[in-house]
Every structure is written in structure tokens, then in C-alpha cells.
Amino acid sequence: MKAAFFKEHGGAEKILYDDYRDPAPEAGEVVVRVRACALNQVDMLLLDGRFPPPEGLPHVNGCEVTGMLEAVGPGVTGLERGARVILFPGLSCGRCEYCLVGQRTVCVRYGYLGAHKDGGYAELIKAPAANVLPLPETITFESGAAVPLAMLTSWHALIAQAGCRPGQTVLVQAAGSGVGSAAIQIARLCGARVITTVGSDDKIDFAKSLGADHVVNYRHQDFVEETKRWTGKRGVDIVIEHIGGDTFERSVYALTRLGTLVTIGSHDTHWGRLDLRHVYSKNLKVLGTNLGSILELRTILDHVVEGRLKPVVDRVFPLRDTRAAVQHVLDRKNKGKVVVVP
Ligand SMILES: NC(=O)c1ccc[n+]([C@@H]2O[C@H](COP(=O)([O-])OP(=O)(O)OC[C@H]3O[C@@H](n4cnc5c(N)ncnc54)[C@H](OP(=O)(O)O)[C@@H]3O)[C@@H](O)[C@H]2O)c1
Ligand SMILES: [Zn+2]
């Protein structure tokens with residue numbers, strides 16, 4: 001098959017488009033013919049070596065995949081060749097104490113398709129049969145690819161972790177990101193009001209079109225002061241944070257008493273200082289979150305079918321132009337998700 005892969009760490013120039021080993025399904029696995037795969041910031045960390053692929057190089061990135069079932073391995077039943085499918089990206093053992101209590105996203109052997117295994121920047125991908133869900137007819141392959149990591153993570157962060165409720169206020173960092181563009185919509189679906197940040201003015205109208213009530217360009221305005229002003233000095237109930245460093249540190253100051261900050265990622269730096277005085281004196285919660293469950297993914301797909309949530313596809317590139325797609329994300333130009341199609 002053809003795939004876009006890398007043999008060395010670096011920037012977009014390290015992505016090669018060439019022949020790559022065909023995946024063969026083993027017991028309990030399927031092979032899917034990829035029709036669309038979305039890019040994520042974690043792909044950039046894998047590429048530049050800040051999060052080197054656990055199975056080594058060469059490696060094929062790509063965690064968010066839709067396609068058609070191509071082949072099934074021994075013991076797989078109930079899945080038809082040619083079916084339209086979407087892949088749940090989380091890998092877990094099903095046997096450790098965390099899997100046994102139903103918390104598979106913190107499995108001691110946890111992994112992601114596209115990180116711990118080769119991913120979807122390819123014509124074919126191998127995955128556990130248990131990770132396959134039908135892709136509803138009304139969702140295009142490209143739109144579907146914008147859902148299983150970015151939207152699912154934001155859903156789990158807001159609904160399961162932060163318990164977002166009608167009437168609350170939410171600060172979503174980076175409206176243009178996959179995670180941010182999903183979080184704005186989900187917070188609105190919960191009946192919350194949303195303030196969000198952007199790094200360039202051309203993302204302001206985009207953020208408003210997703211339902212953001214107030215947009216702050218943090219290059220000209222202080223997002224903490226703007227959040228305080230927007231909430232009448234009170235602060236927000238929830239912050240969805242996924243940048244790390246100063247953004248994490250300052251996000252805590254945007255919270256009101258009893259507020260919750262959910263940290264999803266750290267692509268600026270893996271470190272962030274925490275002003276403990278604010279945490280204990282205001283009874284704040286600082287929670288981590290990782291992906292979500294396959295059941296939550298099914299629920300999100302229902303919302304997409306009903307038109308209550310909209311996967312946000314910024315640009316679609318041919319797989320052979322993955323290098324340009326990666327550069328587009330590295331340049332922080334994306335408004336929502338960037339997708340490659342074989
Ligand atoms: N825990 C999980 O399960 C999980 C799942 C998915 C994603 N994540 C994490 O969530 C974060 C967002 O991922 P994504 O794929 O949604 O991102 P993305 O679509 O690539 O967007 C990232 C955006 O963040 C903003 N940004 C602010 N500071 C930045 C910096 N120092 N470097 C680069 N971008 C910066 C940029 O927008 P502006 O220029 O407009 O500020 C950029 O466009 C990542 O940290 C990712 O690893 C975690
Ligand atoms: Zn486990």
C-alpha cells in the first residue's frame with residue numbers, strides 16, 4: 001500500500017509518501033480501507049520526537065480514521081466486508097484493574113491507534129475488531145474523521161469530567177484547534193455560555209460561528225482580564241485547557257470559586273505551574289482527562305446525525321500531500337480539523 005510515514009524525527013519535510021508494508025489482520029483484528037484520516041496535534045509531537053512512537057520508526061501517524069471494512073482476521077464475526085466504519089482510537093488490555101472497573105482510558109497498557117500502532121495516513125489500517133463502529137450513512141467519511149479523537153476528548157472533558165450544566169460559563173482555549181472547535185459546540189449543547197481564545201483575528205468569526213459568545217485574541221488582549229470582564233469579575237465555572245505552560249498557569253486565574261479546570265494536553269510545554277493559594281482558597285478542581293469511551297463516541301455520532309453537533313473540517317488534502325497538510329497544522333492555520341484522503 002501507499003502511506004505517508006516518517007523514518008526520522010523533524011518537521012513536515014520528514015514525511016515521506018511511498019510504499020509501506022501492508023497490514024495483515026491477526027485474530028480479533030480487522031483491516032480497514034482508509035477513506036479519511038484527520039490530523040491531530042499529537043501527530044506533531046510524534047513527528048518531532050517529543051512523544052516518540054513507542055514501537056519505533058518508521059511510523060505512520062493518524063488517530064482518527066473512517067473507511068470501509070477490507071478484511072477480518074480469525075475469530076471476527078458480525079462485521080461485513082465493505083461496511084462503512086469509524087474507528088475508536090483507544091487501545092486497552094481489558095484485564096488490568098482499571099479496565100475491569102470500566103476505566104479503559106487509564107489502562108496500564110493504554111495506547112492509541114496512530115501512536116502506539118501505525119495509524120491512518122495510509123491506504124489501509126489494522127485495528128482491533130472491538131474498536132469498529134458503523135459510520136452512519138448521513139456522515140461523510142471526511143466529517144466522520146473529525147470526530148473520534150478531538151470531539152470525543154472534548155465531550156468526555158466537559159460532560160464526564162467537568163459535569164457541564166445549563167447556565168454555566170466555560171472558557172475554551174484555542175477555538176481553532178480540533179479540541180477547541182468541538183468543545184465550544186459541546187458546551188453550547190449543554191446550555192453553557194462560552195468565551196474562547198484565538199491567536200489570529202481571522203479565527204474570530206469562525207469561533208462565533210461555532211457558538212462562542214465572546215472571543216479573545218490573546219496576542220492583543222489578556223484572556224484572564226477579558227474573562228473577568230465578560231463574567232462581571234466572577235470568573236468562569238469551567239476551563240478547557242490543552243496548551244500547557246503559561247496558558248495553563250493563567251487559566252486557573254480565570255476560574256470562579258468551586259470552578260473546574262480540565263487539562264487535556266500540553267503541546268506548548270509538558271509543564272505548568274499551579275498557584276496553590278487559588279486552588280485551596282476557592283475549592284477549585286484541576287482534573288486530567290484522556291480520550292473517552294466507545295459508548296460516548298456512539299452518543300456523539302447520534303448528535304452529529306441529528307445535527308446538534310457539527311464536525312468541523314477545515315481542509316481536505318490528498319494523502320500524497322500529507323506533508324502540506326502537516327505544515328498547515330504546524331503553521332497554526334487550521335480552523336477545525338485537517339483531513340487527508342487516499
Ligand atoms: N488527552 C487527550 O485525550 C487528547 C486528545 C486530543 C488532543 N489532545 C491534546 O489537545 C491539544 C490540542 O490538540 P488539537 O489536535 O485539537 O490541536 P490543533 O487542532 O493542532 O490546534 C492547536 C492550536 O493551539 C493553539 N496554540 C496555542 N499555543 C500553541 C503552541 N505553543 N503551539 C502550537 N499551538 C498552539 C494554536 O491556535 P492559535 O494560534 O489560534 O492559538 C493551534 O492552532 C494538544 O495538546 C493535544 O495533544 C489530548
Ligand atoms: Zn487494561
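When a ligand or atom number is given, it counts from 1 through the structure's own listing order. Along the sequence shown, residues carry numbers from 1.
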Give a yes or no on whether [X] atom [atom1] has more than 12 heavy-atom contacts from other residues, nucleotides or ligands under 6.0 Å away.
| X | atom1 | value |
| --- | --- | --- |
| R234 | CZ | yes |
| K126 | NZ | yes |
| K7 | NZ | no |

Would [X] and [Y] count as having a side-chain donor-acceptor pair, cut-off 3.5 Å?
| X | Y | value |
| --- | --- | --- |
| Q221 | N217 | no |
| N40 | Y112 | no |
| E241 | T247 | no |

Students should be able to answer this: which protein heavy-atom is nearest to [atom], and at what distance?
| atom | result |
| --- | --- |
| atom 21 (O) of ligand 1 | S177 CB, 3.0 Å |
| atom 42 (C) of ligand 1 | R332 CG, 3.8 Å |
| atom 11 (C) of ligand 1 | H242 ND1, 3.4 Å |
| atom 24 (O) of ligand 1 | H267 NE2, 3.4 Å |
| atom 7 (C) of ligand 1 | V179 CG2, 3.6 Å |
| atom 3 (O) of ligand 1 | L291 N, 2.7 Å |
| atom 13 (O) of ligand 1 | Q41 CB, 3.4 Å |
| atom 1 (N) of ligand 1 | I264 O, 2.8 Å |

Hey, which atoms in ligand 1 end up nearer than 4.0 Å to a heavy atom of [X]?
| X | answer |
| --- | --- |
| D268 | 31 (N) |
| S266 | 45 (O) |
| G265 | 9 (C), 45 (O) |
| A174 | 24 (O), 25 (C) |
| K203 | 37 (O), 38 (P), 39 (O), 40 (O), 43 (O) |
| T289 | 1 (N) |
| N40 | 15 (O) |
| Y218 | 27 (C), 38 (P), 39 (O), 41 (O) |

Checklist entry - Heavy atoms only: which of T153, T197, T247, L330 is nearest to atom 5 (C) of ligand 1? => result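 Closest candidate by heavy-atom distance is T153.
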May I ask you to check whether [X] has an N/O atom sitting below 3.5 Å from an N/O atom of ligand 1?
| X | answer |
| --- | --- |
| R219 | no |
| G199 | yes |
| N334 | yes |
| G178 | yes |

Please tell me if the side chains of [X] and [Y] come closer than 4.5 Å, counting only heavy atoms from C-beta onward.
| X | Y | answer |
| --- | --- | --- |
| L87 | V132 | yes |
| L39 | K337 | no |
| V216 | V198 | no |
| F6 | V60 | no |

Side-chain donor-acceptor contacts of residues 135-151 below 3.5 Å, not counting sequence neighbours, with atom names and distances?
| unit_1 | atom_1 | unit_2 | atom_2 | d |
| --- | --- | --- | --- | --- |
| T140 | OG1 | S143 | N | 3.0 |
| T140 | OG1 | S143 | OG | 3.0 |

Using a 3.5 Å cut-off and no angle test, enumerate the donor-acceptor pairs between side-chain atoms of residues 156-166 and protein atoms at least two apart in sequence or in another chain.
| unit_1 | atom_1 | unit_2 | atom_2 | d |
| --- | --- | --- | --- | --- |
| H156 | ND1 | E296 | OE1 | 3.0 |
| H156 | ND1 | E296 | OE2 | 2.9 |
| Q161 | NE2 | G288 | O | 2.8 |

Next on the checklist: Tell me whether ligand 1 is touched by Y112 - counting only heavy atoms on the residue side and a distance under 4.0 Å.
Outcome noted: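 Flag set, Y112 near ligand 1.
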Checklist entry - Could a heavy atom of A150 be found less than 4.0 Å from some atom of ligand 1? => result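 Per 4.0 Å heavy-atom rule, A150 does not contact ligand 1.
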Item to check | Listed protein N/O/S atoms, distance to the Zn ion (ligand 2) under 2.8 Å | outcome: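 Counting only protein N, O or S atoms under 2.8 Å from the Zn ion (ligand 2), the list reads C93 SG, C96 SG, C99 SG, C107 SG.
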Item to check | Aromatic ring pairing W155/H303, orientation class (parallel under 30°, perpendicular over 60°, tilted between) | outcome: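 Rings of W155 and H303: tilted, as their planes differ by 30° to 60°.
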Next on the checklist: Show, in sequence, the C-alpha distance, side-chain angles and deciding distance for H9 and D48, and conclude whether the side-chain contact (heavy atoms from CB on, under 4.5 Å) test is met.
Outcome noted: CA-CA 5 Å; H9 292 296; D48 72 21; 5.7 Å; no
Next on the checklist: Exactly one of T256, V236, D237 should register a side chain to side chain contact (heavy atoms under 4.5 Å, CB included) with Q168. Which one does?
Outcome noted: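 Output: one option passes, namely D237.
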Next on the checklist: Can you confirm whether or not the ring centre of H59 sits under 6.0 Å from the ring centre of F5?
Outcome noted: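 No, ring centres 6.0 Å or more apart.
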Side chains of residues 92-102: which donor-acceptor pairs under 3.5 Å do they make with residues two or more places apart or in other chains?
| unit_1 | atom_1 | unit_2 | atom_2 | d |
| --- | --- | --- | --- | --- |
| S92 | OG | R104 | NH1 | 3.2 |

